[in-house]
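Here's the structure we're looking at; comments come further down.
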Amino acid sequence: RAFCAGAKEDSKPLDSFLLATEAHGKKLAADGDAHRGEAYSDMARFVAELFRSDQPEAGLAERHAKALHGLRELKPSWSTLGGSVEQRGILLEAVEGPVVCGAPEVNYDKIFF
C-alpha cells in the first residue's frame, strides 16, 4: 500500500514491487505450491488496484469492485502472505473498512461524535 501513495508521481517503485511479487508467486508455484503462489501475487495486485494513485478515473469503481471481490474470495488464503493477523490487517481494512484490534470497527461512524 505504501508504494501506491506516490504512484501518481512515480509508478516505477510500485510496478517493480508488483513484478517482484508476481515473480515470487511463480517461484512458489514452481516449488509445488501453485495455489499459494497465485494467491500471493493476486493479493498484491488487488491491494495495489485499490490504493494506487496513478489510475484514470474512468472505470475506477469497476476496478475497485473487482479487486474487493478478489480479496474477499481469497480471504481463506490471506495467511499465505505470512506475518501475523495484525500485519495482514491491511487486507481486512481494504475489504471491511476501519479495523480495530484485528476486527472491523462497528462503531466507526459514532466514535468521533
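Residue numbers count from 1 along this sequence. Any value given below was found using the heavy atoms of this structure, including those in side chains, with hydrogens, waters and symmetry copies removed. What you are looking at is a predicted structure, and each value in this text was computed from that prediction instead of being measured.
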What is the distance from atom [atom1] of [X] to atom [atom2] of [Y], rounded to the nearest 0.5 Å?
X     : Y     : atom1 : atom2 : value
Arg36 : Ser79 : CZ    : OG    : 8.5 Å
Phe17 : His24 : CZ    : NE2   : 10.5 Å
Phe51 : His64 : CZ    : NE2   : 8.5 Å
Thr21 : Leu28 : OG1   : CG    : 11.0 Å
Leu18 : Arg52 : CG    : CZ    : 6.0 Å
Ser77 : His35 : OG    : NE2   : 2.5 Å

Can you confirm whether Leu74 sits close enough to Leu91 that some side-chain heavy atom of one is under 4.5 Å from a side-chain heavy atom of the other?
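No, their side chains stay 4.5 Å or more apart.
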
Under the criterion side chain to side chain contact (heavy atoms under 4.5 Å, CB included), I'd like the reasoning laid out for Lys75 against Leu92: C-alpha separation, chi angles, the key distance, then a yes or no.
CA-CA 9 Å; Lys75 190 170 185 176; Leu92 185 61; 4.2 Å; yes

Check the pair His69 / Val95 against side chain to side chain contact (heavy atoms under 4.5 Å, CB included), numbers first and verdict last.
CA-CA 8 Å; His69 177 74; Val95 171; over 6 Å; no

For Glu62, look at atom CD and say whether over 12 heavy atoms of other residues, nucleotides or ligands are found less than 6.0 Å away.
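No, the 6.0 Å shell around CD holds no more than 12 heavy atoms from other groups.
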
Heavy atoms from other residues, nucleotides or ligands near CD of Gln55 exceed 12 (cutoff 6.0 Å):
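Enclosed.
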
In sequence, state the C-alpha distance, the side-chain angles, and the governing distance for Leu71 and Leu50, and then conclude on side chain to side chain contact (heavy atoms under 4.5 Å, CB included).
CA-CA 10 Å; Leu71 282 174; Leu50 288 173; 3.7 Å; yes

